[in-house]
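Keep in mind that the numbers below use all heavy atoms, side chains included, and drop hydrogens, waters and symmetry copies.
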Amino acid sequence: MSSLKLGVEVVGAHDLLAKDGQGSFCPFVELEFDGQRCRTTTKEKDLSPVWNESFYFNVSDPNKLSSLPLEAFVYNHNKANNAKTCLGKVRLTAPSFVNYSDAVVLHYPLEKRSILSRAKGELGLKVFVTDDPTIKPSNPLPAMDPDVVPKSIPKEKNGKRHTFFHLPNAKQPQQQQQKVTPAPPQQQMNYGVHEMKSGPQASKAVNMFPGSSSQPFDYALKETSPFLGGGRIVGGRVIRGDRPTSTYDLVEQMRFLFIRVVKARDLPSKDATGSLDPYVEVKVGNYKGITKHYEKKQNPEWNQVFAFSRETVQSSVLEVVVKDKALVKDDSVGFVRIDLHEVPTRVPPDSPLAPEWYRLEDKKGEKKKGELMLAVWYGTQADEAFPDAWHSDAIAPGDSTSVSPTYIRSKVYHSPRLWYVRVNVIEAQDLVPADKSRFPDAYVKVQIGNQILKTKPVQTRNMNPIWNEEFMFVAAEPFEDHLTFTVEDHAGPNKDETIGRTVIALNSIDRRADDRFVRTRWYNLEKSLSDAMDSDRAKKDKFHSRLHVCVCLDGGYHVLDESTQYSSDLRPTAKQLWKSSIGVLELGILNADGLQPMKTRDGKGASDTYCVAKYGHKWVRTRTIVNSLNPKYNEQYTWEVYDTATVLTVGVFDNSQIGGSDNTRDNKIGKVRIRISTLETGRVYTHCYPLLVLHPSGVKKLGELHLAIRFSSTSMVNMMSQYSRPLLPKMHYKRPLSVIQQDILRHQAVNIVAARLGRAEPPLRREVVEYMSDANAHLWSMRRSKANFLRLTSVFSGLFSAGKWFGEVCTWKNPITTVLVHILFAMLVCFPELILPTVFLYMFLIGVWNYRYRPRYPPHMNTSLSCADAVSPDELDEEFESFPASKSSDIVRMRYDRLRSVAGRIQTVVGDIATQGERLQALLSWRDPRATTIFVLLCLVAAIVLYVTPFQMIALLAGFYVMRHPRFRHKTPSAPINFFRRLPARTDSML
């Protein structure tokens with residue numbers, strides 16, 4: 001029988017619907033799962049009961065867990081007639097079943113049991129899956145008997161209060177008692193009313209982006225038609241060829257010769273001592289690979305795989321040589337020669353090829369002592385041995401030791417799950433400063449790892465300071481750092497004395513997925529850090545200063561670890577809040593062309609490049625292709641898509657760990673961003689993306705990257721419903737973070753992700769993570785500011801064009817157009833019910849017209865839009881300046897003066913806008929009594945006229961007056977404009 005169990009903790013309910021006519025009732029909860037049923041105790045006369053009772057259900061078949069629902073029914077027990085009435089239910093499915101470490105308490109709104117029933121309130125549950133064999137399942141209940149109401153018998157054991165349930169007609173000695181955690185004192189809790197429900201949810205075009213800039217052809221995106229594993233790609237469609245299709249259908253099939261060197265036995269020794277230090281050299285033409293060597297071992301086991309590209313194989317014989325490291329270089333222990341024409345071809349999902357024993361031969365081809373176990377076959381990059389194999393394209397011909405396999409293999413990384421840690425420092429009691437003759441000027445320093453925040457110093461006369469300040473930190477699972485509180489006394493200038501400290505393990509902190517109430521706690525302060533971490537020693541001391549704090553792990557937020565404009569994942573931290581995926585994203589990294597040399601090797605330019613792709617928590621890194629300016633990767637990766645408003649990022653880097661590089665940082669060659677919402681479902685996008693990088697000398701193209709991308713939808717309904725949901729989780733709107741908080745927390749999150757990925761093997765280096773995450777996108781840049789201003793003017797250019805066109809209508813520049821506009825205006829005024837239908841019909845026709853000219857390719861980086869093609873060298877130098885500045889004082893002063901000039905113009909524009917708003921307020925403020933008198937009298941006259949005159953007549957006359965002929969116009973401004981400009985503003989009160 002399976003040991004897998006489903007654990008359910010029934011925490012409490014809130015705001016239930018009274019059914020007995022007296023405003024209260026006796027609720028209990030009944031749970032049903034996989035044919036088993038359990039129920040809680042009954043709470044007397046309580047509309048917001050708290051149970052805190054745990055139950056465990058057996059999972060009969062773990063393979064069917066995804067199809068087994070958990071149903072929780074809330075009933076009212078009516079003692080008058082021994083009946084039960086259903087108050088609502090909650091139905092949970094597989095997405096809500098997570099591991100115990102990921103489980104948090106969620107409050108689910110009660111649903112109706114039937115169409116005619118009523119439901120109100122919420123039920124708090126904590127649901128998790130466990131395979132702990134020490135946990136025994138709860139006793140399932142028989143069919144519900146109204147007379148049976150479980151009675152709880154409290155029992156004290158080891159200072160803890162437990163509750164055991166006794167069921168009628170059950171033998172107590174054999175009966176498994178149900179252990180329940182103690183219920184805390186009932187208090188008013190902040191339940192979320194709108195918590196999410198469980199389970200899966202279910203000719204030319206009119207330019208909509210006016211002012212969009214074109215760019216040079218060499219920097220533009222180009223569509224390609226490669227022949228991939230599934231066939232040739234033409235216009236985004238796959239044209240099947242003669243080749244059989246495979247799972248790697250977005251990359252070109254690359255043929256490799258695989259050699260698995262397993263082990264050897266009975267190797268002869270040429271040393272007088274009988275010892276042997278064997279290793280194997282695999283040679284195909286000019287390429288050779290070497291296994292690791294063993295010291296004094298005649299039956300070594302290597303189990304290493306070598307992969308030689310079939311395109312570079314220029315020999316018909318595979319030569320495997322067993323050598324002894326103690327011997328001279330040209331001497332050998334024995335040979336194995338294999339004719340490559342006889343090597344079989346393996347196609348997954350065939351099972352791995354069985355290795356065979358081969359007798360060793362000498363140079364003359366005569367058999368000798370010793371055998372070598374090998375497996376040799378032809379395969380593709382779809383072979384299971386491909387990722388961990390030694391590759392011939394990672395070395396130069398004739399060289400077998402230039403690269404360590406650690407730094408060249410393709411790997412998949414998963415960034416750690418990040419949590420926001422909310423800390424509220426409330427108060428302290430009985431502080432004891434070192435100098436007892438003065439009152440402490442106390443503050444609290446809160447630290448997690450390298451993150452340190454401090455409260456404001458507070459001085460009180462009763463040794464009980466109150467701060468009540470809240471801080472936010474970022475922590476990553478598994479939690480390695482502790483939360484440390486240090487209370488310090490600001491005794492004087494540059495003199496801070498520690499009063500006490502306490503350390504809290506992050507694993508012990510409460511987790512929540514909403515904004516429910518979190519219980520505060522008092523912690524004893526110790527003098528030293530060792531005392532603070534030694535809980536047993538702390539219990540021996542009778543007197544302690546104490547610190548009152550409230551700490552929780554907020555799982556309802558999405559921890560922003562990348563720029564918000566290029567987010568690749570928007571899900572909250574708590575897995576129970578995750579929706580089901582809406583599609584699959586497939587990426588084929590084909591090859592790069594025309595790369596620029598990034599280093600010098602043997603007097604020639606060289607590049608050792610690899611690609612990194614990031615989407616969600618999954619990072620992928622291709623193998624490094626050594627010494628090639630036109631590398632071929634042909635590696636395919638897959639991600640689950642949970643939201644289309646996300647971005648895939650692919651970057652190309654030069655590996656600095658390979659010889660010839662002048663620094664220890666991996667140089668960036670360029671990156672590509674692809675927004676998922678711009679991709680059509682099922683279409684294969686094959687394009688050549690220019691790799692553009694901004695250098696202090698200007699924008700440079702360092703090559704081109706060929707990609708194949710396909711987005712497939714698994715649920716069209718769920719995908720379309722995404723557009724009506726909030727972009728971020730609910731907690732971002734219930735308890736929003738400030739912009740400054742978001743920037744600080746994002747910086748900390750990037751540092752944590754970079755540190756964790758840097759500890760992998762091979763490491764994903766910090767500069768790679770920061771470049772892929774756009775960690776420095778928030779820093780000041782004159783170029784970026786100009787680009788954003790031009791984007792803003794481009795957005796409003798349509799309104800400006802419409803205003804210009806209307807001005808030409810009013811000046812009768814084209815009399816025919818003006819007459820037609822008069823007629824259309826008169827029709828809309830006489831029939832105002834046609835205005836909105838006309839507007840929406842016009843937008844519908846524009847959308848249908850633009851469909852023929854819709855973009856057929858993903859958007860790419862635009863140098864003109866980014867103002868990268870016309871930026872001055874000094875502005876680029878300023879953009880790449882370190883923070884804080886390290887240039888000379890004259891350069892910094894010049895840039896500061898330039899910034900002051902730009903800020904002065906912005907200041908003037910903001911002041912003019914404020915002036916217009918203050919003039920509107922001055923109309924009725926009597927700041928100018930004569931102007932307000934005129935306006936009030938005009939309002940009275942207008943009210944009388946509008947009461948007696950039809951609105952259509954007023955609108956028609958106003959429109960004709962605005963569009964009157966130039967013969968009836970004056971060159972000076974009109975009277976209303978003159979009146980408005982004479983109104984006072986608050987500029988007179990400015991210093």
Dump the intermediate steps for side chain to side chain contact (heavy atoms under 4.5 Å, CB included) on Glu635 and Val251, then the final yes or no.
CA-CA 6 Å; Glu635 298 185 25; Val251 293; 5.7 Å; no
Rounded to the nearest 0.5 Å, what's the gap from CD1 on Ile676 to OG1 on Thr644? Could you check?
8.5 Å
Contact between Leu648 and Trp639 at the side-chain level, heavy atoms closer than 4.5 Å - yes or no?
yes
Lys700, NZ: over 12 other non-hydrogen atoms inside 6.0 angstrom
no
A quick test of your reading: do over 12 heavy atoms of other residues, nucleotides or ligands sit less than 6.0 Å from NE2 of His695?
yes
With a 3.5 Å cut-off and no angle check, do the side chains of Tyr219 and Asp869 form a donor-acceptor pair?
no
CG of Asp339: more than 12 outside heavy atoms within 6.0 angstrom?
yes
Rounded distance (nearest 0.5 Å) linking atom CZ of Arg621 with atom OH of Tyr637:
10.5 Å
What distance do His706 atom NE2 and Thr224 atom OG1 have between them, rounded to the nearest 0.5 Å?
6.5 Å
Report yes if some heavy atom in the side chain of Arg310 is under 4.5 Å from a heavy atom in the side chain of Leu257; otherwise report no.
no
Checking Asp388 now: which residues fulfil salt bridge (charged side-chain N to carboxylate O under 4.0 Å, His left out) with it, not counting sequence neighbours?
Lys411
Looking only at non-hydrogen atoms, find the nearest pair between Pro858 and Ile674 and report the distance.
CB-CG2, 4.2 Å
Heavy-atom nearest pair, Leu629 first then Ala606, reads CD2-C, 4.4 Å
For Leu691 and Leu595, run side chain to side chain contact (heavy atoms under 4.5 Å, CB included): C-alpha distance rounded to whole Å, both residues' side-chain angles, the deciding distance at 0.1 Å, then the answer.
CA-CA 9 Å; Leu691 297 173; Leu595 296 181; 3.9 Å; yes
Does Tyr633 have any ring pair (Phe, Tyr, Trp, His ring centres under 6.0 Å) partners at least two apart in sequence or in another chain, and if so, which?
none
Rounded distance (nearest 0.5 Å) linking atom NZ of Lys283 with atom CD1 of Ile290:
10.0 Å
State, yes or no, whether a side-chain contact exists between Arg571 and Thr646 at a heavy-atom distance under 4.5 Å.
no
Find out whether Pro352 and Arg346 are in side-chain contact, i.e. whether some heavy atom of one side chain is under 4.5 Å from a heavy atom of the other.
yes
Does the side chain of Val753 come within less than 4.5 Å of Ser773's, by heavy atoms?
no
More than 12 foreign heavy atoms under 6.0 Å from CD of Gln314: is that the case here?
no
Roughly how far apart are Glu223 CD and Thr686 OG1, rounded to 0.5 Å?
5.5 Å
Side chains of Asn591 and Asn630: does their closest heavy-atom pair fall under 4.5 Å?
no
For residues 604-614, which residue pairs pass the salt bridge (Lys or Arg N to Asp or Glu O under 4.0 Å) check, not counting sequence neighbours?
Glu562-Lys614, Lys599-Asp608, Arg601-Asp608
Show your reasoning for whether salt bridge (charged side-chain N to carboxylate O under 4.0 Å, His left out) applies to Lys668 and Glu770.
CA-CA 11 Å; Lys668 57 187 179 183; Glu770 291 180 350; over 6 Å; no
Does any N or O in the side chain of Gln381 come within less than 3.5 Å of the main-chain N or O of Met254, such that one atom is a donor and the other an acceptor?
yes
With side-chain contact (heavy atoms from CB on, under 4.5 Å) as the test, pick out the partner of Val376 among Val336, Leu318, Leu353.
Leu318
Just so I know, are the side chains of Thr609 and Thr624 near enough to count as touching, which here means a heavy-atom distance under 4.5 Å?
no
Quick one: closest heavy-atom pair of Lys222 and Lys701, and the distance?
NZ-NZ, 4.4 Å
Mind checking the CG-CG spacing from Leu745 to Leu560? Nearest 0.5 Å is all I need.
8.5 Å
For a ring-ring contact (aromatic ring centres under 6.0 Å, His included) with His391, tell me which candidate from Phe258, Tyr287, Phe386, Tyr610 qualifies.
Phe386
For His617 against Asp569, the heavy-atom pair lying closest together
NE2-OD2, 3.4 Å
With sequence neighbours left out, write down each residue that passes side chain to side chain contact (heavy atoms under 4.5 Å, CB included) with Ala754, or none if nothing qualifies.
Arg766, Val769
For a quick test of reading the model, state the closest non-hydrogen atom pair linking Leu418 to Ala476 and the distance between them.
CD2-CB, 3.6 Å
Go through Phe711 and Tyr685 one step at a time and tell me if the side chain to side chain contact (heavy atoms under 4.5 Å, CB included) criterion holds.
CA-CA 9 Å; Phe711 170 60; Tyr685 291 85; over 6 Å; no
Side chain to side chain contact (heavy atoms under 4.5 Å, CB included) with Glu875: which residues, sequence neighbours excluded?
Met782, Lys786, Val871, Ser872, Arg898
Who are the salt bridge (charged side-chain N to carboxylate O under 4.0 Å, His left out) partners of Asp743, not counting sequence neighbours?
Arg746
Work out which heavy atom in Leu865 is nearest to a heavy atom in Ala787; give both atom names and the distance.
O-CB, 3.4 Å
Sub-6.0 Å ring centroid separation between Trp390 and Phe308:
yes
Any side-chain donor-acceptor pair under 3.5 Å between Glu311 and Ser309?
no
Measure from the side-chain N and O atoms of Lys323 to the backbone N and O of Glu281, and report whether any donor-acceptor pair falls under 3.5 Å.
no
Apply side chain to side chain contact (heavy atoms under 4.5 Å, CB included) to Arg783 and Leu694, showing your working.
CA-CA 11 Å; Arg783 173 194 60 83; Leu694 194 64; 3.3 Å; yes
Report yes if some heavy atom in the side chain of Cys611 is under 4.5 Å from a heavy atom in the side chain of Val652; otherwise report no.
yes
Crowded around Arg791 CZ? As in, over 12 foreign heavy atoms under 6.0 Å?
no
For Met772, is there any backbone N or O sitting under 3.5 Å from a side-chain donor or acceptor partner on Tyr566?
no
Is it true that Glu640 and Tyr642 share a donor-acceptor pair across their side chains at a distance under 3.5 Å?
yes
